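All figures in this text were calculated on a predicted structure; none of them were measured in a lab.
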Amino acid sequence: MGKRDEVFRITRARSSLSEDVRGRQRRYVISMLARTLCVLLAVAMWNVERFVAYGALAGAVLLPYFAVLIANAGREKAPGLPSTFAIPADTPLMLGPGGSGGGGDQTRS
């Protein structure tokens, strides 16, 4: 009992695939709504304040690129979680039918 095993909380687990896709779709739709607002602002401000209209047009042109980048930023490997197949080096091998470990007992002839 002197050796402590690392305990992982469930809150560090990755979200499910359906939740991840839903979040990506939500981020993309919000970005496209912002683009639509930029286009409407550019149209409304064209004869009032040209610099604001140009800025809104620049936002409308650049937002799709960033919207895709933001929407695709997901499902990265969760940091600090163990590998599914990580086996500690001090784990004894299971004995096979001959009573030897996985590679066979090298001391017997």
Side-chain angles (χ1 to χ4, degrees):
M1 198 76 166
K3 184 177 161 182
R4 292 184 142 186
D5 291 333
E6 188 173 357
V7 177
F8 294 95
R9 295 175 44 150
I10 191 65
T11 57
R12 289 179 60 188
R14 292 186 350 183
S15 61
S16 69
L17 184 58
S18 61
E19 288 176 6
D20 181 59
V21 169
R22 191 174 321 124
R24 291 164 153 208
Q25 289 173 341
R26 187 178 312 121
R27 288 191 300 260
Y28 185 77
V29 167
I30 290 170
S31 298
M32 288 298 103
L33 286 174
R35 179 184 189 218
T36 303
L37 291 175
C38 284
V39 170
L40 292 176
L41 180 66
V43 169
M45 299 299 287
W46 188 256
N47 287 327
V48 179
E49 189 68 43
R50 285 278 165 99
F51 290 115
V52 174
Y54 286 137
L57 280 177
V61 169
L62 295 175
L63 264 174
Y65 173 75
F66 290 109
V68 170
L69 286 180
I70 291 168
N72 286 335
R75 295 307 284 184
E76 285 89 16
K77 183 178 175 184
L81 294 179
S83 171
T84 305
F85 301 107
I87 300 172
D90 60 345
T91 302
L93 297 175
M94 294 183 69
L95 298 178
S100 63
D105 189 1
Q106 303 296 328
T107 59
R108 295 159 90 187
S109 296

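Rounded to the nearest 0.5 Å, atoms CE (Met45) and CG (Leu40) are 13.0 Å apart. To the nearest 0.5 Å, the span separating CZ on Arg26 from CD on Glu19 amounts to 9.5 Å.
For the ring pair (Phe, Tyr, Trp, His ring centres under 6.0 Å) condition, the pairs that include at least one residue of residues 44-69, sequence neighbours left out, are Trp46-Tyr54.
Under the 4.5 Å side-chain heavy-atom criterion for Ile, Leu, Val, Met, Phe, Trp and Tyr, Met32 and Val68 are members of the same hydrophobic cluster. When hydrophobic clusters are built by joining Ile, Leu, Val, Met, Phe, Trp and Tyr residues whose side-chain heavy atoms come closer than 4.5 Å, directly or via intermediates, Val43 is not grouped with Val48.
The two residues Arg35 and Ala60 have their closest heavy-atom pair at NE-O, 2.7 Å.
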Does Leu63 form a side chain to side chain contact (heavy atoms under 4.5 Å, CB included) with Cys38? I'd like the steps, not just the answer. CA-CA 9 Å; Leu63 264 174; Cys38 284; 4.2 Å; yes
